[in-house]
> 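Would you mind keeping the following structure in view while I ask a few things?
Because the structure is a prediction, the values reported are computed rather than measured. Worth knowing before you read on, the calculation uses all heavy atoms, side chains too, and leaves out hydrogens, waters and symmetry mates. Convention: sequence-line order gives letters A, B, ...; per-chain numbering from 1.
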Protein chains: 2
Amino acid sequence: MAEKTAGSAVRITEALRADILGGLLRPGERIRQEVLAERYGASRLPVRDALRSLEAEGLVILVPNTGAWVAKLSLDECQEVYQVRERVEPLLLRMSVPGLQQSALDRLLPLVEAMRGAAHVEEFLALDREFHMLTYSGAETTMLGELVERLWNTTQHYRRAFALLGTERTARGIHLEHELLALAILRGDVEDAGRVLLGHIRTTRLELSRHPEVFHVLDGA
Amino acid sequence: MAEKTAGSAVRITEALRADILGGLLRPGERIRQEVLAERYGASRLPVRDALRSLEAEGLVILVPNTGAWVAKLSLDECQEVYQVRERVEPLLLRMSVPGLQQSALDRLLPLVEAMRGAAHVEEFLALDREFHMLTYSGAETTMLGELVERLWNTTQHYRRAFALLGTERTARGIHLEHELLALAILRGDVEDAGRVLLGHIRTTRLELSRHPEVFHVLDGA
DNA sequence: TAAACATAGATTGGATACATTTTCAAGCCT
DNA sequence: AGGCTTGAAAATGTATCCAATCTATGTTTA
C-alpha cells in the first residue's frame with residue numbers, strides 16, 4: 001500500500017530507461033519481456049507498453065514477432081546525433097538564458113568546480129548532465145527540451161565509454177569550455193554562449209571520431 | 001486471408017496516423033480506445049500500442065488513467081517546431097545532396113511545376129511534402145530523417161490551415177523558393193541549397209506568426 | 001561434408017475478462 | 001439557489017489464456 005499501483009506502465013518505463021542509461025542493460029543486448037515482467041513484478045503487458053515508449057525514444061529496437069534489443073549506435077549514427085546537437089542545443093540555450101532563475105545561475109560555477117573534482121566517471125557524467133540541463137532550465141519548451149534529452153539519452157553509453165578513455169588534455173579542454181560557457185551565460189551574452197556551446201559539442205564529436213575503439217569495445221560485450 | 005494479420009498494431013498505428021494527418025481526427029479531439037478498436041476491427045490492446053507509438057511521435061497526448069487526445073499545438077509551440085526545422089533540415093539536405101539518385105534529380109523541376117498547377121490544397125500539400133522528402137532521399141540517416149518527418153507531421157494541421165488562407169503573393173514566393181532550391185540542388189551547390197532552404201522555412205515561420213487566426217480556427221472546431 | 005529442410009521449442013502478439021480509476025450527474029446540505 | 005458530496009456509469013489499466021510467428025536444433029539428402 002506504500003506505493004501507488006496506478007500507472008504501472010510508466011513506472012516500468014522509467015525503471016527500464018534508468019537501467020539502460022545506467023549501463024545495467026548494454027547496447028545490443030536482447031530484452032525478454034518475461035524477464036522484465038518478473039523483475040519489475042508485473043505482467044508482460046505494461047512491459048510491452050514500456051518497450052514501445054522506449055522504442056520511440058530511440059533507446060530500444062523492436063522487431064515485430066521477434067523481440068526487442070537495447071538500441072546500438074554505429075559510429076556514423078553517433079556522429080549524426082552530435083551534428084544535430086550542434087545545431088539544436090545552441091537554439092535551446094538561446095531560448096533559455098533570458099529566463100534563467102537566479103538560483104540556477106548561482107549553481108553554474110560550483111557545478112563546474114565539482115566536475116573538476118569528480119572521482120568516478122559516473123559522477124562526472126551525472127554532473128555534466130546536470131550542468132547542461134541547468135543551462136536549459138530557463139526555456140519553457142515542450143518539444144525542443146525533450147528532443148535534446150532524447151539525443152543525450154541515446155548517446156549515453158558512448159559518452160561513458162568515451163569519458164573512460166579520456167586523456168588528460170581533452171579533460172582539461174572540456175573543463176575550460178564549461179567554464180567559458182558558464183561565464184558567458186552569467187554575462188547574459190547569448191551569442192557568445194551559443195558559440196561556445198557549439199564549439200564544445202563539435203570538439204567532442206571530432207574527438208570521438210578519432211576514437212572509433214569506443215564502439216568496438218561495446219560491440220564485443 | 002487477402003490481408004496479412006501479422007502486426008495488427010503497426011497497421012492500426014499507420015491507419016491512425018493517416019487519419020490524424022488527413023484531418024479526419026482534428027487537434028484537441030478526444031480519442032476513445034473502444035471506438036478505434038471497433039473502427040479498425042481489433043481489440044483495444046493494439047489500439048493502446050498504436051496510441052503509445054503516436055504519443056512518442058508527438059501526434060497524440062496520453063494522460064494516464066484518463067484518456068487520449070489528438071495533439072494540439074499552440075502558436076508558440078508551432079514556431080518552435082519551425083525554428084528547429086530551420087536548423088535541422090539544411091543539415092539533412094547537406095547530407096542528402098551528394099547521394100541523390102539521377103531519377104530523383106529528374107523529378108525535382110516537374111514537381112515544382114506540378115505544385116504551380118495544384119488544384120486543391122490537399123494536392124499542393126502532398127506535392128510539397130513529396131518534393132521536400134525527395135530532396136532528402138539521398139541521405140541514409142536513421143535518426144535525422146525520422147526527426148524531420150516527425151516535425152512535419154506535428155505541424156500538418158497548421159500547414160493545411162495556413163495554405164488555405166494563403167495569399168497570392170506568398171504563394172508565388174513559395175513557388176520561387178522551391179524553384180531556387182531545385183536549381184541549387186541540380187547544380188550540386190550544397191551551401192546555396194541550404195541557404196535557400198533555411199530562408200524558405202524562416203519565411204514560412206514569419207508569415208505564420210502574422211496569421212495567428214490559423215490557430216483560433218482550429219481551436220473553435 | 002555441407003547445405004537444405006522439417007520439426008520442436010520458445011517467444012511474441014492478440015482477445016477476453018476483471019479490477020481500478022475517473023468522470024459526470026443527481027441529490028443533499030448550507 | 002449555489003456549491004459540495006456521493007454514487008453510478010463509463011473508460012482506462014492489468015492479468016490470464018490462447019494463437020501465430022520466429023529461432024534453433026537435429027536430421028536427411030546431394
> Whole-Å distance between dA11(D) C1' and Asn65(B) CG?
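The answer, rounded to whole Å, is 10 Å.
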> Ala9(A) has a side chain; which of dT14(D), dG13(C), dT12(D) sits nearest to it?
dT14(D)
> Can you name the one residue among Leu100(B), Ile185(B), Leu111(B), Leu105(B) that meets side chain to side chain contact (heavy atoms under 4.5 Å, CB included) with Leu134(B)?
Leu111(B)
> Can you tell me the distance, in whole Å, between the CG atom of Leu45(B) and the C1' atom of dA19(D)?
14 Å
> Please report, rounded to the nearest Å, how far the C1' atom of dA15(D) is from the OH atom of Tyr40(A).
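About 20 Å, once rounded to whole Å.
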> Counting the atoms with a prime plus P, OP1 and OP2 as sugar-phosphate, which does Ile31(B) contact under 4.0 Å by heavy atoms, base, sugar-phosphate, or nothing?
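Answer is sugar-phosphate: Ile31(B) comes under 4.0 Å of backbone atoms only.
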> Give the rounded distance in Å between these two atoms: CD of Glu38(B) and C1' of dA11(D).
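Glu38(B) atom CD is separated from dA11(D) atom C1' by 15 Å.
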> Of all the choices, dT16(D), dA15(C), dT22(C), which nucleotide is nearest to the side chain of Ser43(B) once you look at every atom?
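Minimum distance to the Ser43(B) side chain belongs to dA15(C).
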> Would you indicate, yes or no, if dT12(D) has its OP1 or OP2 atom less than 4.0 angstrom from a side-chain nitrogen or oxygen of Arg48(B)?
no
> Can you find a donor-acceptor N/O pair under 3.5 angstrom joining the side chain of Arg44(A) to the base of dG14(C)?
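Donor-acceptor pair under 3.5 Å: no.
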> Would you mind classifying the nucleic acid contact of Thr66(A) as base, sugar-phosphate or nothing, using non-hydrogen atoms under 4.0 angstrom?
sugar-phosphate
> Between P on dG13(C) and CZ on Arg52(B), what's the gap in Å once rounded to a whole number?
15 Å
> On DNA chain C, does the nearest nucleotide to Arg30(B) precede the nearest nucleotide to Ala42(B) from the 5' side, or the other way round? Give the residue.
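Of the two residues, Ala42(B) wins.
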> Look at all strands and tell whether Arg32(A) reaches a base, only sugar-phosphate, or nothing, counting heavy atoms closer than 4.0 Å.
sugar-phosphate
> Honestly, is Arg85(B) close enough over Tyr82(B), meaning NZ or CZ under 6.0 Å from the six-membered ring centre and within 45° of the axis?
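Yes, Arg85(B) and Tyr82(B) form such a contact.
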> Are side-chain N/O atoms of His120(B) and Glu122(B) paired as donor and acceptor at under 3.5 Å?
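No pair is found: no donor N or O on one side chain lies under 3.5 Å from an acceptor on the other.
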> Rounded to the nearest angstrom, tell me the gap between atom CG in Leu51(B) and atom C1' in dG14(C).
16 Å
> Send over the distance from Trp69(A) CH2 to dC22(D) P, rounded to a whole Å.
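Result: 12 Å.
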> Please state how far atom CD in Glu55(B) lies from atom C1' in dG13(D), giving the value in whole angstrom units.
15 Å
> With a cut-off of less than 4.0 Å, is there a side-chain N or O of Gln33(B) near OP1 or OP2 of dA10(D)?
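No, Gln33(B) has no side-chain N/O under 4.0 Å of OP1/OP2 on dA10(D).
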> Of the options Leu54(B), Leu24(B), Val47(B), which is the one that meets Leu16(B) in a side chain to side chain contact (heavy atoms under 4.5 Å, CB included)?
Leu54(B)
> Does either side chain, that of Asp106(B) or that of Gln102(B), offer a donor lying less than 3.5 Å from an acceptor on the other one?
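The answer is yes; a qualifying pair exists.
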